[in-house]
Amino acid sequence: MKRNRETATNNSPVEDTCVTDNLIIENPGHPMPATITNSDRIKQPEENDYPVTTINALSDLTNSYKENSESNSSPTISDLLNDEDLLYILKIKLDPCHPTVKNWRNFASKWGMSYDELCFLEQKQQSPTIGFLLRNSERTVEQLIDLCKLYKRVDVQKVLLKWINVDWPMRVHKPYRNNV
């Protein structure tokens with residue numbers, strides 16, 4: 001480690017950094033001014049960024065879904081695959097592998113995918129959650145919600161219920177426009 005430090009006898013300023021193989025370590029006694037303000041920095045979303053869902057709110061969403069499903073046909077996973085924003089959220093929630101959190105592998109295994117199929121999906125360039133959903137596109141979103149309940153994935157259940165109650169009806173009832 002080289003220390004860049006000029007003597008005070010030269011009347012030159014003393015540098016406050018240590019250089020070690022292209023690594024600069026700042027002296028905490030003389031910090032450099034920040035060039036990027038905290039408001040300009042990109043923040044990683046955190047679990048606490050979303051409002052807490054109570055059991056009552058979740059049951060309200062479920063009841064609302066049941067009321068809507070009586071009048072409309074139930075959306076299938078193939079309908080869900082057309083919503084890029086929803087797919088992005090599902091990938092974020094179900095792709096990661098964590099020892100205590102049930103993910104796409106548990107869902108796929110429960111719906112009968114073999115170990116070899118699971119390994120194949122993991123090796124593909126595509127998100128394994130998307131692969132799992134594509135292979136089960138004929139199933140209903142309600143069946144997927146039942147899997148969420150089984151594995152206690154309330155976060156995913158909440159996202160799916162919101163999609164069924166808010167986004168799906170808007171897609172179904174969207175007026176047809178003739179592109180002339």
Side-chain angles (χ1 to χ4, degrees), residues 41-180:
R41 293 182 193 266
I42 297 173
K43 289 178 23 180
Q44 183 71 20
E46 296 179 7
E47 195 66 34
N48 295 336
D49 289 347
Y50 301 101
V52 175
T53 302
T54 63
I55 297 297
N56 292 338
L58 197 55
S59 65
D60 289 346
L61 279 173
T62 305
N63 291 339
S64 174
Y65 165 69
K66 287 179 182 173
E67 290 168 7
N68 288 338
S69 66
E70 292 170 1
S71 60
N72 300 333
S73 63
S74 294
T76 61
I77 291 177
S78 63
D79 297 320
L80 177 145
L81 289 167
N82 293 324
D83 190 329
E84 291 293 323
D85 294 333
L86 178 63
L87 289 178
Y88 177 75
I89 293 169
L90 292 176
K91 288 189 300 187
I92 288 174
K93 292 186 176 294
L94 293 174
D95 275 359
C97 186
H98 192 276
T100 60
V101 178
K102 304 299 185 189
N103 65 4
W104 71 272
R105 283 181 77 82
N106 303 97
F107 284 44
S109 179
K110 185 69 175 176
W111 277 357
M113 289 182 74
S114 69
Y115 176 77
D116 291 337
E117 289 175 306
L118 296 175
C119 291
F120 176 73
L121 283 181
E122 278 186 327
Q123 300 305 317
K124 289 181 78 174
Q125 195 73 9
Q126 180 185 41
S127 157
T129 299
I130 301 301
F132 154 69
L133 293 172
L134 284 169
R135 289 186 184 217
N136 292 283
S137 61
E138 73 287 348
R139 293 184 183 257
T140 65
V141 178
E142 185 174 357
Q143 290 173 304
L144 187 56
I145 290 171
D146 289 340
L147 274 182
C148 294
K149 290 176 186 174
L150 175 70
Y151 289 120
K152 296 178 178 35
R153 287 301 306 262
V154 177
D155 58 331
V156 180
Q157 180 183 351
K158 180 179 122 180
V159 168
L160 292 172
L161 286 171
K162 179 185 174 289
W163 182 81
I164 285 175
N165 290 317
V166 177
D167 299 334
W168 170 247
M170 289 182 354
R171 288 175 178 265
V172 171
H173 299 299
K174 188 182 273 189
Y176 175 76
R177 289 187 184 179
N178 191 1
N179 292 334
V180 179

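Numbering starts at 1 and runs along the sequence shown. Treat the numbers as computed from the prediction; the structure is a model and nothing was measured.
- Listed by chain and residue number, nothing satisfies the ring pair (Phe, Tyr, Trp, His ring centres under 6.0 Å) test with Y88 (two or more places apart in sequence, or in another chain).
- Residues N136 and I77 come closest through the heavy atom pair O-CD1, 3.4 Å.
- Partners of Q126 by side-chain contact (heavy atoms from CB on, under 4.5 Å), not counting sequence neighbours, listed by chain and number: K124, I130, L134.
- R105 and C119 make their closest contact through NH1-N, 4.5 Å (heavy atoms, listed as atom of the first residue, atom of the second, distance).
- The line from CZ of R153 to CD of Q157 is 11.0 Å long, rounded to the nearest 0.5 Å.
- For the residue pair C97 and N103, the shortest heavy atom distance occurs at CA-ND2, 3.6 Å.
- From E142, atom CD reaches atom CD1 of I164 across 7.5 Å, with rounding to the nearest 0.5 Å.
- Within the model, atoms CG of L144 and NZ of K149 stand 11.5 Å from one another, a figure rounded to the nearest 0.5 Å.
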Checklist entry - Can you check side chain to side chain contact (heavy atoms under 4.5 Å, CB included) on L118 and W104, steps first, answer last? => result CA-CA 9 Å; L118 296 175; W104 71 272; 3.7 Å; yes
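- Taken to the nearest 0.5 Å, the CG atom of L150 stands 14.0 Å off from the CD1 atom of I145.
- The stretch residues 108-120 participates, sequence neighbours left out, in these salt bridge (charged side-chain N to carboxylate O under 4.0 Å, His left out) pairs: E117-R135.
- Once rounded to the nearest 0.5 Å, the distance linking CG of L160 with CG of L86 reads 6.0 Å.
- A search for side-chain contact (heavy atoms from CB on, under 4.5 Å) contacts involving S137 returns S78, L81, not counting sequence neighbours.
- The minimum heavy-atom distance between F107 and L94, with the atom names listed, is CZ-CD2, 4.2 Å.
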Item to check | side chain to side chain contact (heavy atoms under 4.5 Å, CB included) between L147 and W111, intermediate numbers included | outcome: CA-CA 9 Å; L147 274 182; W111 277 357; 3.2 Å; yes
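- Residues satisfying the salt bridge (charged side-chain N to carboxylate O under 4.0 Å, His left out) test with R139, not counting sequence neighbours, are none.
- In this pair, W168 and W163 present their aromatic rings tilted. The plane angle is within the 30 to 60° band.
- Heavy atoms only, all atoms of each residue included: E138 and T76 are closest at O-CG2, 4.1 Å.
- Put simply, the side chain of Q143 gets close to the backbone of T140: a donor and an acceptor are under 3.5 Å apart.
- The salt bridge (charged side-chain N to carboxylate O under 4.0 Å, His left out) analysis of residues 74-91, with sequence neighbours excluded, yields the pairs D83-R171.
- For the pair S127 and D95, the tightest heavy-atom approach, listed with the atom from each and the gap, is OG-OD2, 2.8 Å.
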